[in-house]
*Asks:* 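Structure below; questions to follow.
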Amino acid sequence: MTELAIYQEGTIIKSYSDVESVAKAMVASGFFNDATKISQAIVKIMAGAEIGIGPFGSMNGIHIIQGKPAFGANVMASKVKSSGRYNYRVTEMSDTVCTIEFMEHFNGSWTAIGTSSFSIADAKKAGTKNLDKFPRNMLFARAMSNGVRWFCPDVMNGSTVYTPEELGADVDEDGNVIDGIVEGDFQEEAPLTQAELSAAVQDTRTPRD
């Protein structure tokens, strides 16, 4: 069986057939309103695999909008923190502006490499949604996505970084897409039968060589 080396050791995902089985179970669960088709779930899981995120994290934190991958702010922040090479700290946080300083570990010490700020004026100009409900969360997400694009794009393995609201999606306080609308050129798929669901769940539990 060909292994997918991009996944961490011990994961249940080691081949494309594993991805498909997990995707079936994820869709059948009904917990992810922006992935109602197996093909959509597969795309989300594979997008997460490219940056080292497991299936559940991919289903929760990655959304395909207008054909582009959108990442939750927590996904980007965790990739920066866990990289070992980069770090960040929030130097200003209010309902009107968020400023994040990015750092890189170089020659044994941490060096500031740049600052990303996003203000309420920037957000209004960009047409950012839900500013009246979650201003700090929205400003943090945009400051984070800009900072990752500018200063440490390699933590996302070359994927262009967007947040869901940046691509026009409605999100909740945690940055999760709440309208369930994901655009894409997918073919209609028949709903999973109970037998298919049971087989998919059982397959994810079967130990892999």
Side-chain angles (χ1 to χ4, degrees), residues 4 6-7 11 13 16 19-82 98 100 116 118 122-123 126-131 133-150 152-189 191-192:
L4 301 181
I6 45 181
Y7 287 101
T11 181
I13 301 290
Y16 180 80
V19 174
E20 192 171 27
S21 294
V22 171
K24 287 179 180 178
M26 294 286 191
V27 170
S29 72
F31 295 145
F32 309 98
N33 62 2
D34 68 338
T36 58
K37 302 170 185 176
I38 297 168
S39 52
Q40 291 173 323
I42 288 174
V43 169
K44 284 162 67 76
I45 292 171
M46 293 302 292
E50 291 190 359
I51 60 172
I53 298 177
F56 192 81
S58 299
M59 293 295 292
N60 267 325
I62 300 176
H63 308 279
I64 309 301
I65 303 171
Q66 299 178 13
K68 301 175 182 177
F71 302 91
N74 62 319
V75 171
M76 292 181 280
S78 68
K79 293 301 295 181
V80 173
K81 288 283 188 181
S82 65
C98 177
I100 304 175
S116 175
F118 204 79
D122 294 326
T128 304
K129 299 181 179 181
N130 288 334
L131 281 176
K133 297 179 181 178
F134 323 117
R136 295 190 179 201
N137 298 58
M138 300 297 102
L139 296 175
F140 172 77
R142 294 301 297 275
M144 177 58 65
S145 65
N146 282 340
V148 170
R149 273 198 295 259
W150 296 338
C152 46
D154 46 315
V155 300
M156 305 301 286
N157 200 30
S159 294
T160 303
V161 177
Y162 299 98
T163 61
E165 64 271 19
E166 195 171 356
L167 295 177
D170 286 323
V171 298
D172 62 17
E173 184 176 5
D174 296 319
N176 299 312
V177 175
I178 59 178
D179 56 17
I181 299 176
V182 179
E183 297 183 10
D185 185 17
F186 298 104
Q187 294 181 348
E188 292 295 327
E189 299 167 355
L192 293 177

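All heavy atoms count here, side chains included; hydrogens, waters and symmetry mates do not.
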*Asks:* What's the spacing between Glu20 CD and Ser39 OG if we round to 0.5 Å?
*Replies:*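 The CD atom of Glu20 sits 10.0 Å away from the OG atom of Ser39.
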*Asks:* Does the Ser116 side chain pair with the main chain of Asn146, one donor and one acceptor, at a distance under 3.5 Å?
*Replies:*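 Not a single qualifying donor-acceptor pair exists.
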*Asks:* Stepwise, does the salt bridge (Lys or Arg N to Asp or Glu O under 4.0 Å) test hold for Arg149 with Glu166?
*Replies:* CA-CA 13 Å; Arg149 273 198 295 259; Glu166 195 171 356; 3.0 Å; yes
*Asks:* Quick check: closest heavy atoms across Ser58 and Ala49, and the distance to 0.1 Å?
*Replies:*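 Smallest interatomic distance, heavy atoms only, reads OG-N, 4.4 Å.
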*Asks:* So which atom in Phe71 and which in Val161 form the shortest heavy-atom distance, rounded to 0.1 Å?
*Replies:*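 Minimum heavy-atom contact is CD1-CA, 4.5 Å.
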*Asks:* Is the closest side-chain heavy-atom distance between Ile64 and Gln40 below 4.5 Å?
*Replies:*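 Sidechains of Gln40 and Ile64: no contact.
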*Asks:* Evaluate the side-chain proximity of Thr163 to Met138: yes if any heavy-atom separation is below 4.5 Å, no if none is.
*Replies:*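 No, their side chains stay 4.5 Å or more apart.
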*Asks:* Side-chain contact test, heavy atoms from C-beta onward, threshold under 4.5 Å: evaluate it for Tyr162 versus Ile65 and give yes or no.
*Replies:*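 Heavy-atom side-chain distance check fails, nothing below 4.5 Å.
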*Asks:* Counting C-beta onward and ignoring hydrogens, is there a side-chain heavy-atom pair between Arg142 and Asp122 closer than 4.5 Å?
*Replies:*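 They are not in side-chain contact.
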*Asks:* Who pairs with Asp154 by salt bridge (Lys or Arg N to Asp or Glu O under 4.0 Å), at least two apart in sequence or on another chain?
*Replies:*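 In terms of salt bridge (Lys or Arg N to Asp or Glu O under 4.0 Å), with neighbours along the sequence ignored, Asp154 is linked to Arg85.
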*Asks:* Does the side chain of Ile42 come within less than 4.5 Å of Lys37's, by heavy atoms?
*Replies:*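 With C-beta onward as the side chain, the pair stays apart.
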*Asks:* Quick one: side-chain contact (heavy atoms from CB on, under 4.5 Å) partners of Phe56, sequence neighbours excluded?
*Replies:*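 Phe56: side-chain contact (heavy atoms from CB on, under 4.5 Å) contacts with Met26, Phe32, Asn60.
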*Asks:* Can you give me the closest heavy-atom contact between Met156 and Ile51, atom names plus distance?
*Replies:*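 Smallest heavy-atom distance, with atoms named: O-CG2, 3.1 Å.
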*Asks:* Could you tell me whether the side chain of Phe118 reaches within less than 4.5 Å of the side chain of Cys98, counting heavy atoms only?
*Replies:*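 Side chain of Cys98 against side chain of Phe118, heavy atoms only: no contact under 4.5 Å found.
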*Asks:* Report yes if the side chains of Val80 and Cys152 come closer than 4.5 Å at any heavy-atom pair, otherwise no.
*Replies:*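 A side-chain contact exists here, since the closest heavy-atom pair is under 4.5 Å.
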*Asks:* Any chance you could measure Thr160, atom OG1, to Lys68, atom NZ, to the nearest 0.5 Å?
*Replies:*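 Answer for the OG1-NZ pair, Thr160 versus Lys68, is 8.5 Å.
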*Asks:* To the nearest 0.5 Å, how far apart are CE in Met46 and CD1 in Ile62?
*Replies:*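 These two atoms lie 11.5 Å from each other.
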